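Computed from a predicted model, the values in this text were never measured in an experiment. Protein chains get the first letters and strands the later ones, always in sequence-line order, with residue 1 at the start of each.
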Amino acid sequence: AQSVAQPEDQVNVAEGNPLTVKCTYSVSGNPYLFWYVQYPNRGLQFLLKYITGDNLVKGSYGFEAEFNKSQTSFHLKKPSALVSDSALYFCAVRVPSRGSTLGRLYFGRGTQLTVWP
Amino acid sequence: KAGVTQTPRYLIKTRGQQVTLSCSPISGHRSVSWYQQTPGQGLQFLFEYFSETQRNKGNFPGRFSGRQFSNSRSEMNVSTLELGDSALYLCASSLEDRNTEAFFGQGTRLTVV
């Protein structure tokens, strides 16, 4: 069975400090990995993705993520957090399936990031 | 370019009623997926449509159904509503390429009373 785990429900960090939001996955085959952010009463907004190639991927708003195949992890990072980064973050993995053009997305439970001034 | 548009944004229905939610994908996107988001279960996959065909279905009862039209717009229907169907329903559209990200609409907040 495919699964995505975000081990921390909440992450609190001071503005200006580095932040990390953790994600591990368990899938068969090579995964396509994504990070999304959700602000209150809004849909999910794409941040970045890993498909293949360089293990460090850069995305929107200064976020980056590191893919580690041996640890099956895809942690989201930012060198200097902003108060406006406070939101709900979701890690997702796409697993191609027979008959499907894309394959469904499996999401983690989400991590609430709070950046305090 | 307009994003994914979901209508209505908010809906209140009574148990036993049925509801239809609409999703207009980004122009040129032919793949549409639906997800249910609840505090208890998180984000759960409902269905995926491509070129008017359902390609993938999640583990939901038959009360949940959907369809896609020739212009790629999609609707989902929930019949005989239950209190537990209260959720944020999210639609996502994508190009037909596994390498690409899905773009989400703002969702329809359904409350069943």
Crowding at [atom1], [X] (>12 non-hydrogen neighbours, <6.0 Å):
X	atom1	value
B:I12	CD1	no
A:R42	CZ	no
B:R63	CZ	yes
B:F69	CZ	yes
B:K57	NZ	yes

Quick one: of B:R109, B:Q106, B:R9, B:R30, who has the most non-hydrogen atom pairs under 4.5 Å with chain A?
B:Q106
If you tally heavy-atom pairs under 4.5 Å against chain A, which of B:Q44, B:Q54, B:Q41 wins?
B:Q41
Is there a path from [X] to [Y] through hydrophobic residues (I, L, V, M, F, W, Y) whose side chains come within less than 4.5 Å of each other?
X	Y	result
B:L43	B:F47	no
A:V4	A:Y89	yes
B:M76	B:F45	no
B:W34	A:F46	no
A:L19	A:Y61	yes

When you measure from the side chain of [X] to the backbone of [Y], do you find a donor-acceptor pair of N or O atoms at a distance under 3.5 Å?
X	Y	result
A:R109	B:G40	yes
A:Y36	B:F103	no
A:R94	B:T100	yes

Where along residues 79-92 of chain B does a heavy atom come under 4.5 Å of chain A, listed by residue number?
B:L88, B:L90
Find the one option among A:N41, A:T52, A:I51, A:L48 whose heavy-atom pairs under 4.5 Å with chain B are most numerous.
A:I51
Considering only heavy atoms, which portion of A:L44 lies under 4.5 Å from any heavy atom of chain B: side chain, backbone, both, or neither?
both
Per-residue contact mode, A:Q45 against chain B (heavy atom under 4.5 angstrom)
neither
Aromatic contact, A:F107 with B:Y35 (centres under 6.0 Å):
yes
Do the side chains of A:F90 and B:Q37 get nearer than 4.5 Å, heavy atoms only?
yes
Between B:E101 and A:F34, what is the shortest heavy-atom contact and its length?
CA-CE2, 3.7 Å
